[in-house]
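Side chains are part of it too, since the values below use all heavy atoms of this structure and drop only hydrogens, waters and symmetry mates. Start at 1 and go down the list; that is how both ligands and their atoms are numbered. For the single chain, residues carry numbers from 1 onward in sequence order.
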Amino acid sequence: MDERLLEIKDLYVEYITDDAQVFAVNGIDLSLNKGETLGLVGETGAGKTTTALSIMRLLPEKVGLIRKGTILLDGRNVTEATEADMRLLRGETVSMIFQDPMTSLNPVLTVGDQIAEVLELHKKFKTKPEVEARVDEILKMVGLPPERKHDYPHQFSGGMKQRIVIAIALACEPLLLLADEPTTALDVTIQAQVLALMNELKKNLNTAMILITHDLGVVAQTCDKVAIMYAGEIIETGTVEQIFSGDRHHPYTVGLFQSIPDLKKKTRRLHPIDGLMPDPTDLPSGCKFHTRCPHCMETCKTMNPQPYEEDGHMIRCHLYGQGSQAATD
Ligand code: SF4
C-alpha cells in the first residue's frame, strides 16, 4: 500500500506588508506518497514557491503568515512545530533546491565544507574521517570528482554548481525534496543532464519530490502526478496521463497547453491565454480565472467553484459536475 508522506489541507498563506495584504495561497489541498513525484505548475505569482516555503516553514519572518490549514509531513504537523523541531526536519525529512545555484551557495566556503556542514548539523556521522568519506561519496553520486571538494563555488560552471546544490539537498537522504525551478537558470543541454541526475538519485534513494516549474515538458518527463495552480488555488490535479492525455480539463489548463508549440501539428500561431494573472492583493470574486476565461458564465463571477473529482482527477470549474459541458477546445 502507498504510504502517505505529505498531506496539505485547506492551507491559506498571506504576506502582510505596510502597504498591502497579499493573498498568496488560498485554501489548497495537496497530497504526496513516499517516492512519488508531483509537478506543481503555474505562472509566476501563482503561489507555487509560497507553498514550498510553507512546507519548509521558511516564509519571511513577520511578513509571511500561515493563516489557516495543516501541513502533515511524515505524520508531523509542520504548522505547529517549534523552530527547533523544524531545524531537525529540514535536511533530514525535507530539503529544498532553489532556482539559482549562484545565490544558494556560500562564496567563501569550499563546496566540501558546505556539504560537511549539513552532515555535522544533523549529526549523521560522528568522526571527521566519516564526514569526509561521505562528502566524497556524495560528490561522486552527483558526478563530480571528490578532489574538487577543496574548490570554491566560483571555480565551477553553472551546471556543476546546481549539482553541488543537489548534493547538499540530498546529503541526509531526505524523504521529500522540494525543487523550485531547479533547471531554469541553466542552458538546455545542462538542464537535461541535471533532470536526468535528479531522476536517477530519486529512484536510488526513493525520495519523493515536488517539482515546481512552468515547463510542461519537464513535468511530462519527470512526474507521476501534476497539480496546476492559479491565483493561489489548485485548479486541477491528476496523474500525468490524466493531465496530458485526458480530454476533460480546466479552461486554464487548456490555455496552458495551447500556448506551447506542438511539433506534430502545423500551427501558424500559438494561442496565449488572454489577460494577466489577477493582482493577489485584490483577487476577483467567484472563480479567480473568470476575467480571462473564454467559457465564463454569470455564476462564475460570483461563486467560486467547488472541486469536482472523478477517478482521482480533480477539476475546479463550474463546467464540470452534473449536466455540465467540458472545455476541450
Ligand atoms: Fe471559466 Fe467559469 Fe470554469 Fe472559472 S468556473 S474556469 S470562469 S467556466
Side-chain angles (χ1 to χ4, degrees), residues 8-14 21-31 38-51 68-69 212-216 219-220 223 225-260 262 269-329:
I8 299 180
K9 280 217 179 303
D10 204 24
L11 182 72
Y12 285 79
V13 185
E14 291 172 15
Q21 186 174 10
V22 180
F23 300 98
V25 171
N26 302 304
I28 65 163
D29 296 319
L30 204 62
S31 62
L38 171 88
L40 192 54
V41 181
E43 286 168 87
T44 304
K48 308 180 300 292
T49 300
T50 300
T51 303
K68 195 178 157 202
I212 296 174
T213 182
H214 55 260
D215 188 334
L216 287 163
V219 172
C223 300
K225 296 200 303 193
V226 188
I228 315 261
M229 261 189 114
Y230 184 81
E233 291 179 347
I234 291 184
I235 49 99
E236 183 165 352
T237 54
T239 61
V240 168
E241 290 75 27
Q242 285 166 336
I243 302 294
F244 282 80
S245 315
D247 53 4
R248 289 161 72 83
H249 294 296
H250 189 283
Y252 178 63
T253 312
V254 175
L256 282 183
F257 278 101
Q258 281 179 344
S259 38
I260 50 173
D262 183 345
R269 264 179 176 277
L270 291 176
H271 301 280
I273 304 168
D274 285 339
L276 294 171
M277 176 92 75
D279 178 355
T281 64
D282 185 20
L283 290 170
S285 58
C287 169
K288 311 274 184 298
F289 188 58
H290 86 251
T291 52
R292 305 170 76 185
C293 180
H295 305 279
C296 181
M297 303 168 280
E298 270 316 302
T299 182
C300 306
K301 296 177 186 167
T302 51
M303 271 179 63
N304 202 7
Q306 291 302 307
Y308 167 73
E309 200 175 318
E310 212 177 273
D311 298 331
H313 181 196
M314 184 284 286
I315 303 176
R316 199 176 178 133
C317 169
H318 288 303
L319 289 173
Y320 296 92
Q322 283 176 347
S324 309
Q325 191 195 327
T328 55
D329 56 1

> Numbering the atoms of ligand 1 from 1, which are under 4.0 Å from a heavy atom of H250?
Replying inline: 6 (S)
> Under a 4.5 Å cut-off applied to non-hydrogen side-chain atoms, are P284 and R292 in contact?
Replying inline: no
> Centres of the Y12 and F23 rings: under 6.0 Å?
Replying inline: no
> If you look at every heavy atom in M277 and T44, which pair is closest and at what distance?
Replying inline: CE-O, 3.7 Å
> Around atom 2 (Fe) of ligand 1, how many protein N, O or S atoms are there at under 2.8 Å?
Replying inline: 1
> Given the rule in the side-chain hydrogen bond (donor to acceptor under 3.5 Å, both in side chains) test, do D311 and Q242 qualify, once you have shown the distances and angles that lead to the verdict?
Replying inline: CA-CA 9 Å; D311 298 331; Q242 285 166 336; 5.6 Å; no
>> Which label fits Y320 and Y308: parallel for a plane angle under 30°, tilted from 30 to 60°, or perpendicular past 60°?
In response: parallel
>> Around atom CE of M297, are there more than 12 heavy atoms from other residues, nucleotides or ligands closer than 6.0 Å?
In response: yes
